[in-house]
2 protein chains.
Amino acid sequence: MARSTGHSRPVIKDVARLAGVSAPTVSRYLNGTARIAEDKRGRIAKAIKQLGYEPSVVARALSNREMDSVVVFAANPSAFSTSATNHGVEAAARRRRFLLNIVSLDEADMDSVEQRVRMGLSIRPAGAVVYEYDRAGIRALDYIPKDLPIVVVGGSFGDGDYQVVNAEREGGRWMTMHLLDLRHETVFHVARAAGPTDNTRTNGWRDALEERGAAIHEPIVVSSTDLEEAVEAGRRLGKRDDVTAVFAGNDETAIGVIKGLREVGRQVPDDVSVVGFDDQNFGPLWSPALTSYSQNFREMGERAFRMLYEQVKARRDGADAPQPRVEVVEGQPRLRDSETEYVPW
Amino acid sequence: MARSTGHSRPVIKDVARLAGVSAPTVSRYLNGTARIAEDKRGRIAKAIKQLGYEPSVVARALSNREMDSVVVFAANPSAFSTSATNHGVEAAARRRRFLLNIVSLDEADMDSVEQRVRMGLSIRPAGAVVYEYDRAGIRALDYIPKDLPIVVVGGSFGDGDYQVVNAEREGGRWMTMHLLDLRHETVFHVARAAGPTDNTRTNGWRDALEERGAAIHEPIVVSSTDLEEAVEAGRRLGKRDDVTAVFAGNDETAIGVIKGLREVGRQVPDDVSVVGFDDQNFGPLWSPALTSYSQNFREMGERAFRMLYEQVKARRDGADAPQPRVEVVEGQPRLRDSETEYVPW
DNA sequence: CTGAAAGCGCTTACAG
DNA sequence: CTGAAAGCGCTTACAG
């Protein structure tokens, strides 16, 4: 395994020698962990620059028993929500010079969750972020030691001590209320199969109907992979003449529903109002431009890291852990042209 | 910094003691780096299981000067292509028990590229994968030491010694040919601003026109963020009556173009055929269902890791590096309803 | 086949 | 403020 590293990179000893100090002094300089004489500071700085020295994060991690890194555990790694959240976590982590490790989970392979978690933790990260939009994420929580800083993203309130959730339920409620405000007598709902959390769009929809005393028709649940099911839902709804407004669980579903509605001769928004969720980039281009609810995944990721870092920092400083809390990241409704006021004949 | 780790996890010494052998023997057992007596094998295996021992990847990395991990450098971390490719890399890496680190690059902040690369390499990964769809990726290559195994994903042929590219150009050529086969006299093109590579959809489009001797009208280049530009392109094209077929650089663009075309009274596909690229999931739901070209990003990611691993393995075995090569991952046309045969009046 | 020793590159008590 | 020493948890020549 002896690799010919060529001229290997400089190590702390080289810096120390060049600066005429000991390695521990360089270490203290780097970590700000003790006061260093002014002249030595200068010499060390120069030596570092001259050598192009970079501390080995691996050696540091071995010594500290902990790496400056976060692991994120997430199912659906290629979903927009996941990757946008990752991006936020990474950006915030980078500012603290933390590295990001991604370990994907697989809903279809729950048996591997434990092993994947172990793998992710084998690097001894300073903390973990778990996206708890689904069962795999929830399961992952079981395998993470209680003493490791964790932040849960998404999920139900109370699933984690430290949690950042998007306003799923609030958003669902808002969109439904909006339709009700437009005088629709009630709002039908085509839902994606949701995880077992209560912070869901569907619950928000129900909240609004209950609050207004509107009729609650069981939601039609469609697969999030086979969009044809949404089209079929649209057809079914289109055949009922009590359907004037539909809240779709996401934008793809909304599109499918609109398509199905049209197939059976109902126009959107003239005959039926349809709103989506997620505000995907194709929404504004749709005909009609799709009204939707925009979530800020990037922001969620950034907040998740910051919340994690607070815990890590406190631990490293020997301070008390920060107060556990749930942060709700609000989204924003984007009103466009796919819904309109209900006008009875 | 002394953390109360509670009961710390078992280390190799604990296993050795319990099995009645030395630590190096356990190490050799774990790595298959020497023959071990049958009875000791058994005892070691039992001790490992009993203790729930897991080797410290950090200690191992320090000793080996290299971590069992890959870094991927990529701009546009939340783009579907990026995240799907990441997923492929991660899946293939996991099989080899390699960890994945993600470092995002930022086109808008080229100055930070060097620092980001250094950060990503600070962990001493066994290799790096660079997504070279844009300038940031290309720049990143400059900062990665030549002796580190690298695989370039995307980009021009020949940018890297080891490269996996999708059939961008081939795909563009195919789609254009398809339209020409439908008797359109020529095909107009609305392109996204492309990176400085030659393996582009636009070049494929040009290839096809040249091959058939069709008229080449300069492509309209639109931003990949502001979809309104695509709509505007659609309007402009719609006003010319020599426009009967449009190859859009991707599906969002295609949708925008269709919208613009409609605004000026041209129907798709009756008056103008429009095809997209990428085969996003909303394509089939569009009216008309969008004809597009589907790429296999996941597969690209998997191949990228495998190609990287070959290099890593050879290096570790002290063997010759594998032959440099470029693998082209083919996509697949998805013919739907947005294009049709040209019928002159 | 296997053990004692040294080393990977840091950090942190312990003295001074 | 600063250095010598020991340790983090592995791996790898070196002997045997």
Side-chain angles (χ1 to χ4, degrees), chain A residues 1-5 8-17 19-44 47-48 51 53-69 97 121-124 126 316-318, chain B residues 1-5 8-17 19-44 47-48 51 53-69 97 121-124 126 316-318:
Chain A
M1 180 124 348
R3 297 176 33 204
S4 61
T5 331
S8 57
R9 293 163 47 160
V11 298
I12 199 169
K13 243 185 191 166
D14 300 317
V15 175
R17 194 174 311 137
V21 298
S22 72
T25 299
V26 177
S27 171
R28 291 179 187 115
Y29 168 87
L30 254 13
N31 297 306
T33 182
R35 192 151 281 159
I36 312 282
E38 195 49 40
D39 57 324
K40 308 201 173 174
R41 297 185 66 80
R43 298 211 306 274
I44 293 173
I48 288 176
L51 261 23
Y53 169 72
E54 292 233 38
S56 156
V57 315
V58 169
R60 185 175 273 174
L62 181 57
S63 197
N64 291 342
R65 256 95 136 203
E66 188 172 290
M67 190 113 126
D68 279 8
S69 75
R97 312 224 50 171
L121 299 182
S122 69
I123 204 189
R124 303 275 184 136
R316 289 185 178 179
D317 291 348
Chain B
M1 180 124 347
R3 295 176 34 206
S4 61
T5 332
S8 58
R9 291 164 47 159
V11 299
I12 197 169
K13 244 185 190 164
D14 301 316
V15 175
R17 193 173 312 135
V21 299
S22 72
T25 300
V26 177
S27 170
R28 292 180 187 113
Y29 168 85
L30 254 14
N31 299 305
T33 182
R35 193 151 283 158
I36 312 282
E38 196 47 41
D39 56 326
K40 309 204 170 168
R41 298 184 67 82
R43 299 212 305 274
I44 294 173
I48 289 177
L51 260 24
Y53 169 72
E54 290 233 38
S56 155
V57 315
V58 169
R60 185 176 274 173
L62 181 58
S63 197
N64 290 342
R65 258 95 136 204
E66 188 172 290
M67 190 114 129
D68 279 7
S69 74
R97 312 223 50 171
L121 299 182
S122 68
I123 204 188
R124 303 275 184 134
R316 291 185 176 179
D317 292 348

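Chain letters run A, B, ... following the sequence lines, proteins first, then strands; residues in each count from 1.
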Query raised in the report: Picking from D:dT12, D:dC10, D:dC8, which would you name as closest to the side chain of B:R28?
Result: D:dT12
Report summary line: Looking only at heavy atoms, the pair that brings B:V57 and A:I123 closest together is CG2-CA, 3.7 Å
Report task. Compare side-chain N and O positions of B:S56 against OP1 and OP2 of D:dC10 and report whether any pair is under 4.0 Å apart. Result -> no
Query raised in the report: Is there a Watson-Crick or G-U wobble partner for D:dA13 with both distances under 3.5 Å, and if so, which one is it?
Result: none
Requested in this report: Could you let me know what D:dA4 is paired to, Watson-Crick or G-U wobble, both distances under 3.5 Å, or none if it's on its own?
Outcome: none
Report summary line: Closest heavy-atom pair, B:R43 versus B:G20, reported as atoms and distance to 0.1 Å, is NH2-O, 3.7 Å
Query - Value in whole Å for how far the P atom of C:dT11 lies from CZ of A:R316 - result: 11 Å
Query raised in the report: Which heavy atom of A:V21 sits nearest a heavy atom of A:V26, and at what distance?
Result: CG2-CG2, 3.7 Å
Report task. Examine C:dG3: is either OP1 or OP2 under 4.0 Å from a nitrogen or oxygen in the side chain of B:T25? Give yes or no. Result -> yes
Query raised in the report: Given that A:A23 and B:P55 both sit by DNA chain D, which one's nearest nucleotide is further toward the 5' end?
Result: A:A23
Report task. State whether A:S27 places a side-chain N or O below 4.0 Å from either non-bridging phosphate oxygen (OP1 or OP2) of C:dT11. Result -> yes
**Report entry** Result of checking A:R60, A:R97, A:R316 against A:D68 for salt bridge (Lys or Arg N to Asp or Glu O under 4.0 Å)
**Finding:** A:R316
Query raised in the report: Can you find a side chain N or O atom of B:R65 that sits less than 4.0 Å from OP1 or OP2 on C:dC8?
Result: no
Report summary line: Separation of D:dC1 atom P from A:R41 atom CZ, nearest Å, is 10 Å
Report summary line: In whole angstroms, the gap separating P of C:dG3 from CZ of B:R17 amounts to 14 Å
Query raised in the report: Expressed in angstrom and rounded to an integer, what is the separation of B:D14 atom CG from D:dC8 atom P?
Result: 11 Å
**Report entry** For atom CG of A:N64 and atom C1' of D:dC8, their distance in whole Å
**Finding:** 9 Å
Report summary line: Between CG of A:L30 and P of C:dT11 the distance, given in whole Å, is 7 Å
**Report entry** Residue met sooner reading DNA chain C from 5', once B:V21 and B:A59 are mapped to nucleotides
**Finding:** B:V21
Query - Nearest-nucleotide pick for A:Y53, side chain only, options being C:dC10, D:dC1, C:dT12 - result: C:dC10
Report task. Identify the two heavy atoms, one from A:Y29 and one from A:I48, that lie closest to each other, and give their separation to 0.1 Å. Result -> CE2-CD1, 3.8 Å
Report summary line: Separation of C:dC1 atom C1' from B:I44 atom CD1, nearest Å, is 11 Å
Report summary line: Of the candidates D:dC10, C:dG9, D:dT2, the side chain of B:L62 sits closest to C:dG9
Query - Side chain proximity check, A:S56 to A:V11, heavy atoms < 4.5 angstrom - result: no
Query raised in the report: Which of the following nucleotides, C:dT11, C:dG9, D:dC10, is nearest to the side chain of A:N31?
Result: C:dT11
Query raised in the report: Just to confirm, is there a sub-4.0 Å distance from OP1 or OP2 of C:dC1 to any side-chain nitrogen or oxygen of B:K40?
Result: no
Query raised in the report: OP1, OP2 of C:dT11 versus side-chain N and O of A:S63: anything below 4.0 Å?
Result: no
